[in-house]
Amino acid sequence: MNQERIYQVLLGPHVSEKATMVAETNRQYVFKVRLDANKLEIKKAVESLFNVQVTAVNTTVTKGKSKRFGRSLGRRSDFKKAYVALKEGFDLDFTGAAE
């Protein structure tokens, strides 16, 4: 996997109540990823960008909702989430707080 693809796979962290609870209890972190990314690409991207070791990657595709915009109907885009489990002793910090 080339360096350019590594930067394209991860779109950003997914921040929600469920993602926060999963991070606290299971040491899993949730990322929004490209729809065409596979588990191996996600694993390599997280390991190279954050210098951590990944034990497992689970993915889910969330279908976009149908919404109304005034009189017209619209549809939100589908997106893919990756639940990334880290090995014991590794941690990610998205808050940017200095320790």
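Keep in mind that this is a model prediction, so the values were computed, not measured.
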Student: Run the side-chain donor-acceptor check on residues 6-27: report pairs under 3.5 Å with partners two or more places apart or on a different chain.
Tutor:
| residue | atom | partner | partner atom | Å |
| --- | --- | --- | --- | --- |
| S16 | OG | A19 | N | 3.2 |
| T20 | OG1 | S16 | O | 2.8 |
| T25 | OG1 | M21 | O | 2.9 |
| R27 | NH1 | E88 | OE1 | 3.4 |
| R27 | NH2 | L86 | O | 2.9 |
| R27 | NH2 | K87 | O | 3.4 |

Student: Which pairs pass side-chain hydrogen bond (donor to acceptor under 3.5 Å, both in side chains) with one or both residues in residues 54-64, sequence neighbours excluded?
Tutor: none
Student: Any chance you could measure Y83, atom OH, to Q28, atom CD, to the nearest 0.5 Å?
Tutor: 8.5 Å
Student: Side-chain polar contacts of residues 40-50 - donor-acceptor pairs under 3.5 angstrom, sequence neighbours left out - could you list them?
Tutor:
| residue | atom | partner | partner atom | Å |
| --- | --- | --- | --- | --- |
| E41 | OE1 | R5 | NH2 | 3.0 |
| E41 | OE1 | N38 | N | 3.3 |
| E41 | OE2 | R5 | NE | 3.4 |
| E47 | OE2 | V54 | N | 3.2 |
| S48 | OG | K44 | O | 3.0 |
| S48 | OG | A45 | O | 3.2 |

Student: Specify the closest pair of heavy atoms between L92 and F31, including all atoms of both residues, with the distance to one decimal.
Tutor: CD1-CZ, 3.8 Å
Student: The criterion is side chain to side chain donor-acceptor pair (under 3.5 Å); which residues satisfy it with N51, sequence neighbours excluded?
Tutor: none
Student: When the side chains of residues 69-81 are checked against the rest of the protein, which donor-acceptor pairs come out under 3.5 Å, sequence neighbours left out?
Tutor:
| residue | atom | partner | partner atom | Å |
| --- | --- | --- | --- | --- |
| S72 | OG | F69 | O | 3.0 |
| R75 | NH1 | D78 | OD1 | 3.3 |
| R75 | NH2 | G64 | O | 3.4 |
| D78 | OD1 | G64 | N | 2.7 |
| K80 | NZ | A37 | O | 2.6 |

